[in-house]
K.L.:
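Sharing a structure, written as structure tokens. Questions coming.
A note on names: the letters A, B, ... follow the listed sequences, proteins ahead of strands, and every chain is numbered from 1. If you're wondering where the values come from, they're calculated on a predicted model, not measured in any experiment.
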2 protein chains.
Amino acid sequence: MSEFSRRAVTIREVAAAAGVSIGTASKALNGQGRLREETRARVMAAAERLEFRPNKLAQGLLHGRTFTVGLVTCDSFGRFSIPVMLGAEDALGAGQISVFMCDTRDDPIRERHYVERLLARRVEGIIVTGRRTEPRPSIGADLPVPVVYAMTQSTEPADFSVIPDDLGGSMLAVRHLLATGRRRVGHITGPQRFLAARTRAEGFADALAEAGATAAGDPLFGEWSEEWGRQGADILLRTQPDVDAVFCGSDQIARGVAETLRDRGRRIPDDVALVGFDNWAPMALGSRPPLTTVDLNLGEIGRAAATHLLDVIGGVPHQGGVRRMPCSLVLRESTRV
Amino acid sequence: MSEFSRRAVTIREVAAAAGVSIGTASKALNGQGRLREETRARVMAAAERLEFRPNKLAQGLLHGRTFTVGLVTCDSFGRFSIPVMLGAEDALGAGQISVFMCDTRDDPIRERHYVERLLARRVEGIIVTGRRTEPRPSIGADLPVPVVYAMTQSTEPADFSVIPDDLGGSMLAVRHLLATGRRRVGHITGPQRFLAARTRAEGFADALAEAGATAAGDPLFGEWSEEWGRQGADILLRTQPDVDAVFCGSDQIARGVAETLRDRGRRIPDDVALVGFDNWAPMALGSRPPLTTVDLNLGEIGRAAATHLLDVIGGVPHQGGVRRMPCSLVLRESTRV
DNA sequence: GTGAAAGCGCTAACAA
DNA sequence: TTGTTAGCGCTTTCAC
């Protein structure tokens, strides 16, 4: 029964089967050196037949390269880090690099532990992802391999991070509302302690300012929940009855806002236009009507982080800093003119 | 600037620093053999100072074990496979096993490619996760390492799969509705081509049958969307006006149903009780009212799959088959008595 | 109690 | 054109 105890085929066995020396077999398989076509074919055939797969560990030991990187996430592989991971895996996979995944569950002890383990496995680099854009402690000072932060940033200025351009994304949203003729735009968003909430509110203000428009009241900071969206909309309608557009800090909030607007008899987008943030499909599409929203391009963030990592691994001199990736606006019913 | 080109510390350097032979250093570090306490301490100190981390590749080559497994997902790390992966990582991480992640994007070519790559890296086993419970083609016949399927199953009876007990989960839900005095229970669910939808509908019928109750109409098969939930609820209210409970095939559907019920002036749960499926927090909690729903215990599924894999790796004889993990019922406002 | 040497699977430089 | 050999970093006998 123990088909699994059969050891993997080694190049020694291939060589024996082909009736050549082990060195010759290696050359044949790697297309190196000068050897007779017939010999090469014989070796290839034997390798094929035995299902030979060169042992990457042995190769790695020899070359001093493992073609692996570690992916450390603090988001429990959540909604934000998954697309980032996919983008990263995409960029890495193309380069034949395999990815070790580690979820720290937001536990620093666990994180330290994982980093140690990754280094023992001789990964060539580490990508750290998160769900919040605020600076977090560096994953380790002076590590022997390059590190990049994606969808989170390090407090250490020498580290390199890739995060979304929340400011620009907000401006896209508000400019769109203004362009469709709205003049009384309100803003309902998440907790003020979140950098993303503050930055988005800033973009909201900037976009209004550049158009010489004024906001429908101060930004309303609350929670990242539908429930808060409902409450916030109530407050907004009470204090700014003439509001004709709401820019929300998340799709969940926007959904709550949409529900309250409907309950209060305001038509979307006819009476009030609505823009969300995140482009979280199940939320944005399930909403009535479907939401115009800002897409974070998370996949691009992951891809950019991975590409940077590959560059540094490849020898490009490392430089610290923060790279902000542009957001894009996805148009749906909630702002149709 | 190239802090990254500095090669990793080897045991040779540790030995030199401690003034002992390389073999002695190894013994000291691994607590093997008999050596003087002072010597051991000296080696440990040197290792500490140099930040020595034994090269797992070299160890693996020697032991013939890599302490790695591959995690192949076809769900683009989506809503279902992530909790499964976390559970698996949990079980594996405890055993010091690292996980290579691979996302196939549902592409068989890519899948084959990844499996090859994993085998070349000498993973000791492979976990395949998915988003649908229907049987899928085996990942490869006669692989040299054990494979388990989690949240998906293989068409090959010799393969081992772990999936949720959809039937039992449905019965939990319906029994609960009956226990709270409901007598006219309807069922709105996803497309009939999904095994999960068919099995849940079966559980619905079974639970009613065991109580001698009759359904409020035939199950309504549609889509896995809120929009369908809204439509389905309309149909149900029209054809079964005396319905006093709805069991839904997903939380998204249940949300749509909840909206229509509200629009039609039916109070939840007073007039109509509502149960969802999946316990997808943002949906179930954002709903008005929050949804009673069936939890798939995805983490447990991942943990079970990983544990089984570890067992087989550890020598327990492999057995094909399907293991169905129990679901649990999460009580919230939508069925409060 | 410690060191020397063999070998895990592979590649590359050198000999034949 | 092919074979031999050294060695990647480590552990483990087996001498000393």
K.L.:
Of the listed nucleotides (C/dG1, C/dC10, D/dT2), which one gets closest to any side-chain atom of B/Thr39?
P.N.:
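Per side-chain heavy atoms of B/Thr39, the pick is C/dG1.
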
K.L.:
At a cut-off of 3.5 Å, list every protein nitrogen or oxygen paired with a nitrogen or oxygen from nucleotides 13-16 of chain C, distance to 0.1 Å.
P.N.:
none

K.L.:
Do A/Arg65's NZ or CZ and the ring of A/Phe67 fall within the cation-pi criteria of under 6.0 Å and 45°?
P.N.:
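Satisfied, under 6.0 Å and within 45°.
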
K.L.:
Within residues 56-64 of chain B, find the residues that approach DNA chain D with a heavy atom at under 4.0 Å, and present them sorted by residue number.
P.N.:
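B/Ala58, B/Gln59, B/Leu62, in order of number.
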
K.L.:
Using the test side-chain hydrogen bond (donor to acceptor under 3.5 Å, both in side chains), find all partners of A/Arg132 that sit at least two apart in sequence or belong to another chain.
P.N.:
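Checked A/Arg132 against side-chain hydrogen bond (donor to acceptor under 3.5 Å, both in side chains); matches are A/Glu134.
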
K.L.:
Would you kindly say whether A/Ser161 and A/Ser154 are connected by a side-chain donor-acceptor distance under 3.5 Å?
P.N.:
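Distance-only check fails for A/Ser161 and A/Ser154.
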
K.L.:
Over the length of the helix from C/dG1-D/dC16 to C/dA16-D/dT1, how much do the five-pair end axes diverge, rounded to 10 degrees?
P.N.:
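Inter-axis angle at the termini of the helix from C/dG1-D/dC16 to C/dA16-D/dT1: 60°.
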
K.L.:
If the condition is side-chain hydrogen bond (donor to acceptor under 3.5 Å, both in side chains), which residues does B/Arg53 pass it with, not counting sequence neighbours?
P.N.:
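Scan of B/Arg53 (side-chain hydrogen bond (donor to acceptor under 3.5 Å, both in side chains), adjacent residues dropped) gives A/Glu116.
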
K.L.:
Under 4.0 Å: is that the gap between some side-chain N or O of B/Thr24 and OP1 or OP2 of C/dG3?
P.N.:
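Checking C/dG3 against B/Thr24, a side-chain N or O does come within under 4.0 Å of OP1 or OP2.
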
K.L.:
Let me know which of A/Asp165, A/Val162, A/Ile163 forms a side chain to side chain contact (heavy atoms under 4.5 Å, CB included) with A/Met325.
P.N.:
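For A/Met325, the side chain to side chain contact (heavy atoms under 4.5 Å, CB included) check succeeds only for A/Val162.
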
K.L.:
The side chain of B/Val20 is closest to which nucleotide in this list: C/dG9, C/dG3, D/dT4?
P.N.:
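Among C/dG9, C/dG3, D/dT4, the one nearest the side chain of B/Val20 is C/dG3.
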
K.L.:
Residues two or more places apart in sequence or in another chain: which of them pass salt bridge (Lys or Arg N to Asp or Glu O under 4.0 Å) with A/Arg303?
P.N.:
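So A/Arg303 forms a salt bridge (Lys or Arg N to Asp or Glu O under 4.0 Å) with A/Asp90, A/Glu300.
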
K.L.:
Side chain of B/Phe52 only, heavy atoms from C-beta on: which candidate in C/dT11, D/dT2, D/dC10 is closest?
P.N.:
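Given the options C/dT11, D/dT2, D/dC10, the side chain of B/Phe52 is closest to D/dC10.
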
K.L.:
Would you please test A/Glu156 and A/Tyr149 for side chain to side chain contact (heavy atoms under 4.5 Å, CB included) and show each step?
P.N.:
CA-CA 11 Å; A/Glu156 186 59 51; A/Tyr149 297 77; over 6 Å; no

K.L.:
Any salt bridge linking B/Arg136 with B/Asp159? Criterion: basic side-chain nitrogen under 4.0 Å from a carboxylate oxygen.
P.N.:
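Here B/Arg136 does not pair with B/Asp159 in a salt bridge, since their nearest N and O are not under 4.0 Å apart.
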
K.L.:
A/Leu296 and A/Ile301: which non-hydrogen atoms are nearest, and at how many Å?
P.N.:
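Heavy-atom minimum between the residues: O-CD1, 3.8 Å.
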
K.L.:
How would you label the contact of A/Arg34 with the nucleic acid (heavy atoms, under 4.0 Å): base, sugar-phosphate, or nothing?
P.N.:
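Answer is base: heavy atoms of A/Arg34 come under 4.0 Å of a base.
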
K.L.:
Between B/Arg121 and A/Ser98, do the side chains contain a donor N or O and an acceptor N or O under 3.5 Å apart?
P.N.:
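Side chains of A/Ser98 and B/Arg121: pair found under 3.5 Å.
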
K.L.:
Is a donor on one side and an acceptor on the other found under 3.5 Å between the side chain of A/Glu124 and the backbone of A/Thr66?
P.N.:
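Yes; judged by distance alone, with no hydrogens or angles, the pair exists.
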
K.L.:
So what does A/Thr10 touch, heavy atoms closer than 4.0 Å: a base, only the sugar-phosphate, or nothing?
P.N.:
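Touches sugar-phosphate only.
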
K.L.:
Closest-nucleotide mapping onto DNA chain D: is A/Ile22 or B/Asn30 further toward the 5' terminus? I mean the 5' end.
P.N.:
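Residue closer to the 5' terminus by nearest nucleotide: A/Ile22.
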
